[in-house]
Each structure stands twice: as C-alpha cells, then as structure tokens.
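Note that this is a predicted model, so its numbers are computed, not measured.
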Amino acid sequence: MADAVERAVQTWIVTQREEETKFIAQEIESASTSLLTLVKYLGEYLTSEDGEKRVKGIGLLVDVIVRLPDSSFNKNSTTVISTFFNNKLDSVDEIVPALKGILRLVLMPTYTSSNCKDTIKELVKINMRAHVQATRHMVFRILDSLLTRYRSILQELGPEFIKGYISLAEGEKDPRNLLIAFALDRVLLLEFDVKAFAEQFYDITFCYFPITFKAPVNDPYGVTGPDLVSALKQCLCASPILGPLGMPLFVEKLNAGTPPTKIDTLDTIAACLPVYGKAVCETFGEQLWTSLKVEIFQPVDSGVQAQAVNVTKILVEILVESLVKVSSDGTPSQMDRSIAYSHALLRTISVVLDKKREKDHVDIPKYIERFVPRLYFLFFNNALGFQEGRPDLGETILVTDIAEIISTVVGCLDRERQESWINTAFEAYFRGKPGLIAFSHTSVPDTNVFSPIETSQTIGENLMPLFTSAVVALRSETSIPHHSLRKLLNQLALAAFTCENPRKKFALTGAVASILNKHAEECPEFIEADMEKFWSDNVKDSTLPVMKRNEALMIWSAVCQALVARNHPKAFPMVKKILGLFDDATISQHAARCFGQIPNLEGSTISKKNHAIIRLLYVQKLLNTIGPEIKANYTPAIASAKSDAYLTAVSTLTPSIPKGTYTQTIDAFIPLLLRGLELQDLALRANVIDSFVTIVTKNEKGANEVIATHLGTLIGAMLKNIRTEEGMPLTVRLKVCALRFLTGVAGMMNQEDIQPFKSRVLRELQVVLDDRSKAVRHEAVAARTKW
C-alpha cells in the first residue's frame with residue numbers, strides 16, 4: 001500500500017485530481033500508512049528550490065489534512081506539521097496553503113498551547129496589506145479560533161500579542177473581514193489588559209464610524225450594512241478606555257451628520273454611555289447636552305428626536321447615580337453642579353414626554369418598565385442608606401423633576417397597567433416593600449423602617465411626591481388598592497395636617513384632592529362628616545396656633561377645589577365657610593388667598609393631564625353662587641380686616657374669571673378694586689393693581705368699556721403709585737404693577753380715550769426713568785413707548 005500511496009502522490013502532482021487526495025486520506029485514516037510517511041513522500045516537493053513544486057507539495061499535504069478526522073493525529077504529528085506551516089507564513093507563494101492547514105490544525109484536540117504560542121508569533125509578522133482579501137480572511141479566522149480556544153494563553157502573551165494583533169487589523173477594509181475583526185476587537189477590549197493601547201484601539205475601531213456600507217445587489221457573501229453597524233457598535237461600547245477618545249467624535253458626527261448618521265450616532269452613544277461611565281459623562285456631558293437640546297427642541301427628523309430623548313434619559317440615569325455617590329463623597333460645589341446638571345436633563349425629559357403625550361405617542365408607557373423604577377431606585381437607595389452628614393437627595397429639586405416624569409408616564413398607561421403599577425406603589429409606601437417599584441441592577445430590600453405615610457415616620461418622607469405623582473395621574477376608572485376610600489382619605493389628610501415636612505404636606509394634600517375629585521360619589525361620609533369635623537377641629541377653632549389653622553385651611557381649600565371642578569353640590573357650602581373667616585383678623589388674609597385660588601387649577605393636581613373630572617362652566621357656577629355673597633357682605637370700611645380680606649379675595653380671583661362672564665363679573669367687582677387702590681398695606685395695594693393689569697392685558701370683549709368708565713380715576717391712581725415722594729415709600733413690585741397697567745391700558749384703549757391724559761402720563765414717566773430699580777426703569781421705558 002505504501003507504493004500505492006507514493007504513486008498517488010506522483011499522480012496528484014501531475015493531475016491535482018481529487019481521487020488521489022481522497023485515496024491518500026483513506027489510507028492514512030485506515031492506518032495503512034501515516035502522515036509522517038506522506039511527508040516523506042512529499043519531501044522532494046516540500047523542499048524543492050522550484051516555488052511551483054513547493055506550492056504543489058504543500059497543497060497536497062493540506063488537502064489531505066483537511067479530509068482527515070481528528071483521530072488521525074497525535075500531538076507529535078500535529079506539532080511537526082504546525083511548525084512546518086508556521087515556517088511558511090513568510091512566503092508569498094506558500095502562505096495561502098499554510099494558512100489553510102493551520103486553520104484545520106487549531107481546531108484539533110492534539111493542538112497544544114505551545115503550538116498556539118508558536119503560531120501566534122509567526123502569524124503577527126504577516127504584512128496584511130501585501131495580501132488579498134481571501135488570505136486576510138483566513139488570518140482573521142485563525143485568530144478567532146485561537147481566541148476562542150486559547151484565550152488564557154494569549155492573555156499570558158500580553159503586550160506582545162496585542163501589538164501584533166493591532167498590526168494585523170490596521171487598515172482592513174473588506175466587510176467580510178471587518179465582521180470578524182470587530183468581534184475580535186470586542187473580546188480584546190473586554191477581556192485583555194489593553195489600557196496602554198487605548199489610542200491604537202481607537203484608531204482601528206472609530207476610523208470606521210459611522211458605517212455607510214450598502215451591500216451590492218445579489219451579494220453572495222450576505223454581509224449587510226446593519227450587520228456591520230451592529231458589530232461595530234458592540235465593539236465601540238466594549239470598554240470605558242474608548243470613552244475619552246470616542247466622545248468628541250460622536251459629538252462631531254451629531255452636530256454635522258445627516259439624519260441617518262445622527263440616528264446611528266445616537267444609537268451608538270446610548271450603548272456606550274453606560275459602559276464609559278460617569279467620569280466620561282461628566283467630562284463630555286455639557287458638549288453632548290448642547291447637541292441633544294438642538295435635536296430635541298428644534299427637531300428636523302422625528303427619528304433623531306426620539307433617539308436624542310433616549311440618550312438624554314440614559315445620561316440622566318448615569319448622572320443621578322453619580323449624584324448619589326457625590327452626595328456621600330463629594331464637595332458641596334460638586335454636589336451643586338451635579339444637581340443643576342441633572343435638573344436640566346430631567347426637565348428636558350419631562351418637557352419632551354409632555355409633548356409626546358400631546359401628540360398621542362404610543363411609546364411613553366414603556367418608560368414604566370425600566371426608566372421609572374431606576375429613578376425610584378436611585379432615590380430610595382439614598383434615603384434608606386441615609387447616614388449622618390450625607391445629603392438627602394430627597395431635599396433637592398430633582399424629586400420634583402422625577403415626580404413630573406412619573407406622573408406623565410403613569411398617566412399614559414391604560415387602566416389595567418395603572419392598577420398593576422399603583423398596587424406595587426401602595427405595597428412600597430404602605431407595607432415597606434420599596435423594591436417592588438425601585439430596582440436597577442439590584443432591588444431595594446424590604447424594610448420596616450420605610451413607611452413615610454405614617455405621621456411618626458421621617459425616613460423617606462421627602463420622597464412622598466414620587467408616590468403621590470402616580471396617584472394623582474390615575475384615571476377615574478382605575479381602582480384605588482385600599483379597602484376603604486374613606487379611611488384612606490382620612491389617613492392621607494391627617495398625615496398632611498400633622499407632618500412638619502412641607503414637601504410631604506403639599507404632596508399628600510394634592511393626592512387627597514385628586515382622589516376625591518375622581519371618586520367623590522364613593523365617599524360621601526368623608527365629605528359630609530369627616531371634613532365637617534376637620535373644619536370644626538382644625539380651622540374654625542381659634543384657640544389653635546395660627547400656623548396650624550392656616551395649614552388646615554390649605555387642605556380644606558384643596559378639597560373645595562376638587563369638588564368645585566366637578567360641580568359637586570357640597571362644594572359651594574364648603575367654599576362659603578371660607579368667607580366666614582374674613583371676620584377673623586388672625587387668618588383672614590390667608591383665608592382670602594385660599595378662596596381666590598379655588599377656581600384656578602393651574603399648578604394643582606386637578607388637571608386634564610391627570611384625568612381629573614373638570615365640568616364645563618364650573619368657574620361660572622362658582623361665581624354665580626359666591627359673587628352675590630361677596631357684594632352683600634363687603635363693607636367699605638377700609639381699615640377693617642374683613643374689607644381687606646374681600647379685596648385680597650377679589651384680586652386673587654380676577655385672573656380666573658372666564659371669558660363668558662368676564663365683563664359682567666368684573667363690573668360687579670370694580671367698586672371693591674377701586675377702593676383697594678387707597679389701601680395703606682402696599683402689598684395688598686399691589687395685588688389690587690395686578691388685578692387691573694390682568695383686566696387690561698387679557699383684553700376680553702367688553703373689558704375696555706369697564707375700564708373706560710373709570711379711566712381717569714385709574715390713571716390718576718397709577719401715577720401716584722409709580723413716583724416715590726418724601727414720606728411715602730413705595731415698593732418695587734407696586735411700581736412695576738402700576739407701570740404695567742399704564743402700558744396695558746395704552747394698548748387696550750382707543751387713542752381718543754387716552755389723549756386727555758397723555759401729556760401728564762409722559763411727564764410722570766420721564767421722572768421714573770431715573771428710578772433706582774432696573775426693573776422699574778425697564779417697565780417705565782415700555783410704558784413711555786406705548787404712550
């Protein structure tokens with residue numbers, strides 16, 4: 001058989017027929033001959049001075065090896081053949097069959113770590129630019145196999161291997177090879193010590209960004225542009241060492257790229273930021289934020305805008321998490337800077353979500369799955385890990401920002417998802433299970449020290465808005481997870497009244513109002529009995545401290561507002577009770593302001609955004625009911641607390657008067673407001689003038705007729721309130737309000753109406769142009785321009 005194999009070798013050298021290759025392989029596999037015998041028969045060809053003969057000899061050896069099973073090899077034969085192939089890698093003629101043979105050997109169980117080291121040392125010497133794509137492709141495939149099977153051996157080689165690899169990867173352009181190269185880059189960046197080679201890895205990866213490759217029609221290789229984009233993205237987000245070098249390029253592409261390039265850039269940034277970490281985010285955050293703002297607030301492409309919002313969200317998560325650490329270890333200036341930066345980003349997300357909601361975008365609910373729990377996690381983690389001397393993030397503006405985001409997201413959920421979420425929120429806040437809504441890479445553990453609704457509990461009470469923001473956003477058809485709404489409302493109202501924390505008090509008061517507005521029919525006892533007792537015990541009782549009575553009155557007013565908005569029959573008797581407090585000098589002014597704010601829903605939890613029940617013409621109904629009471633009970637005794645209270649109430653109420661009844665209502669209130677221009681209390685006088693400013697700037701139909709009737713009196717009064725005379729000091733706010741009236745009335749009235757007063761007004765304004773206050777001078781210039 002040996003002679004038959006030798007003849008087959010001779011025949012193959014002449015014909016290169018597959019039959020001879022198959023025969024030789026079968027003979028070796030059946031042990032009729034051996035690999036070393038084959039090498040012996042090929043000796044004259046493998047060592048020939050004739051390059052063509054050598055290539056044929058190596059070609060036959062490789063073809064046979066590729067056909068043989070692993071069992072035909074032992075460590076000795078594998079080492080001998082591997083060494084032989086390694087020595088051929090510097091030959092232009094013989095490198096192709098040698099690489100093909102190595103590609104088979106590296107997959108054999110008889111291939112050892114020593115073989116690996118020897119092969120790598122020769123492989124990295126290859127000048128890739130001197131070879132065609134197919135040859136380079138085999139080099140990358142060998143590297144891929146060695147990294148997969150002998151990773152620890154290559155890690156031991158350290159810088160020697162990394163330098164060699166970089167030299168092989170530099171300048172590669174073929175898409176088929178790049179797919180493998182990007183995967184290799186990612187492994188090296190993730191699992192090898194390459195800190196000293198950051199610039200080199202930046203050069204061999206970021207040089208391809210962004211990828212614009214489009215596969216030709218009927219491409220047989222199947223490599224697509226998205227394949228390359230995805231592979232490169234996974235490579236660029238592999239290690240934080242690329243961050244300082246890569247972020248400037250990202251910002252550059254974001255500022256100057258086309259929409260597809262910007263989308264690719266933003267998608268890649270989103271993948272990279274969590275890996276690059278807080279240091280890179282803090283260093284390049286301002287540059288990135290400047291670019292993101294343009295794409296968010298001045299969008300030219302909706303896809304770019306959506307991706308910009310997503311990147312902003314990720315940037316917020318990283319910076320807020322960083323803020324938690326800064327709050328523990330950082331300086332006050334670092335803390336302030338981080339808070340200001342995070343506040344700007346969170347406000348942007350909130351604004352964008354509101355705009356998306358207005359346009360009925362369907363993707364907002366997805367934020368409840370990861371983003372909202374992560375925000376909860378960061379603040380809960382801070383609150384429950386509170387230590388002496390460590391700032392409480394709950395005391396910062398960020399809580400308000402996050403509460404607005406939560407409210408928007410929860411408000412966009414359907415009833416079923418709202419019920420699921422609010423169930424977990426109640427478990428978190430009532431039963432000490434914050435981990436149900438607060439989680440990131442880990443969850444906040446259950447704890448019996450977290451029950452911030454309890455009046456005696458202070459831990460986490462600053463985070464109450466993060467609970468109530470979800471409650472107030474619920475739909476009216478969404479069930480509240482409590483066995484008794486009456487008991488819940490009493491619990492929340494009591495907690496709001498008794499707590500000392502202003503943020504908690506405000507949040508709970510808003511929650512009481514929102515729940516009552518949507519579920520008033522389910523809790524008549526709370527309205528008729530419990531609130532009546534609350535009034536008697538906490539508002540009407542003059543023996544209580546004024547501050548506590550004022551706090552109770554705020555809760556009472558919020559309940560009134562919730563009921564007035566839905567035209568509940570019990571609302572108006574409750575509102576009239578507030579008028580009864582105008583005789584009580586100790587709280588009359590506070591009562592007047594509370595009364596005047598009842599129809600004004602702006603800034604309250606009673607809003608369409610929060611799915612509140614707001615009936616048409618609710619303000620008109622309130623004014624029709626309360627207006628006659630005001631006129632009947634007001635007395636012109638300027639010095640009385642009651643008169644002052646009525647003036648405050650009317651001046652606070654004026655901005656809320658609706659168009660339909662504006663002229664009729666204002667005409668009824670004008671006598672009160674005119675008397676207010678003579679008040680000694682400058683703050684009250686400014687409030688009254690501000691009401692007149694509202695009248696002239698709203699410019700409602702019929703308002704000019706009302707003003708024209710009293711024009712001389714009003715202009716004379718305003719001129720008295722813009723010029724400080726000896727013994728009659730005026731506040732800046734009073735002057736500003738009076739000047740704004742003069743500006744507004746000049747724009748509102750016909751020229752023939754204001755002509756008789758023109759010279760006097762301009763003369764007085766000339767004096768005010770030299771006022772000490774810049775704000776006053778600014779308003780005086782505006783008024784003079786109008787006149």
- Message: Could you check whether Lys125 pairs with Glu122 (Lys NZ or Arg NE/NH1/NH2 to Asp/Glu carboxylate O, under 4.0 Å)?
- Response: yes
- Can you name the side chain to side chain contact (heavy atoms under 4.5 Å, CB included) partners of Lys100, sequence neighbours left out? Val62, Asp63, Val66, Met138
- Message: Checking Ile263 now: which residues fulfil side chain to side chain contact (heavy atoms under 4.5 Å, CB included) with it, not counting sequence neighbours?
- Response: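 Partners of Ile263 under the side chain to side chain contact (heavy atoms under 4.5 Å, CB included) test: Asp301, Val304, Gln307.
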Interatomic distance, [X] atom [atom1] to [Y] atom [atom2] [nearest 0.5 angstrom]:
X      : Y      : atom1 : atom2 : answer
Phe192 : Gln155 : CZ    : CD    : 4.5 Å
Leu288 : Leu254 : CG    : CG    : 7.0 Å
Ile296 : Gln305 : CD1   : CD    : 7.5 Å
Leu184 : Leu179 : CG    : CG    : 11.0 Å

Would you say [X]'s side chain and [Y]'s backbone share a donor-acceptor pair under 3.5 angstrom?
X      : Y      : answer
Ser230 : Pro226 : no
Ser91  : Lys88  : no
Ser32  : Ile28  : no
Arg186 : Gln234 : yes
Glu172 : Asp174 : yes
Gln16  : Ile13  : yes
Thr11  : Arg7   : yes
Ser77  : Asn74  : yes
Arg149 : Val106 : yes
Arg54  : Ser48  : yes

Of all heavy-atom pairs between [X] and [Y], which one has the smallest distance, and what is that distance?
X      : Y      : result
Arg17  : Trp12  : O-CD1, 3.2 Å
Glu20  : Ala8   : CG-O, 3.5 Å
Pro373 : Ile368 : CD-O, 3.2 Å
Cys281 : Leu273 : SG-CD2, 3.9 Å
Leu232 : Thr205 : CD1-O, 3.6 Å
Ser291 : Val251 : OG-CG1, 3.8 Å

- Do other residues, nucleotides or ligands put more than 12 heavy atoms under 6.0 Å from the NZ atom of Lys356? yes
- Flag yes if more than 12 heavy atoms outside Gln10 fall under 6.0 Å of its CD atom; otherwise flag no.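 Atom CD in Gln10 is packed in, count exceeds 12.
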Given side chains that start at C-beta, do those of [X] and [Y] come closer than 4.5 Å, heavy atoms only?
X      : Y      : result
Lys173 : Leu178 : no
Cys207 : Asp203 : no
Tyr165 : Leu154 : no
Tyr111 : Phe73  : no
Arg151 : Val187 : yes
Val311 : Phe250 : no
Phe85  : Leu99  : no
Thr135 : Ile126 : no

- Evaluate side-chain contact (heavy atoms from CB on, under 4.5 Å) for Asn115 paired with Leu105, printing each intermediate quantity in order. CA-CA 10 Å; Asn115 299 148; Leu105 292 176; over 6 Å; no
Taking atom types as modelled, is there a side-chain donor on [X] or [Y] under 3.5 Å from an acceptor on the other?
X      : Y      : result
Thr224 : Asp227 : yes
Thr148 : Ser145 : no
Ser34  : Thr37  : yes

- Task: Scan residues 73-86 for pairs that pass salt bridge (Lys or Arg N to Asp or Glu O under 4.0 Å), counting only residues two or more places apart or in two chains.
- Result: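 Every pair satisfying salt bridge (Lys or Arg N to Asp or Glu O under 4.0 Å) with a residue in residues 73-86: there are none.
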- Pick out which of Leu292, Thr312, Asn310 makes a side chain to side chain contact (heavy atoms under 4.5 Å, CB included) with Leu266. Leu292
- Query: Between Phe201 and Phe197, is the gap from one ring center to the other below 6.0 Å?
  - Reply: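 No, they do not, as the ring centres are separated by 6.0 Å or more.
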- Validation row, ring centre Phe284 to ring centre Tyr276 under 6.0 Å: no
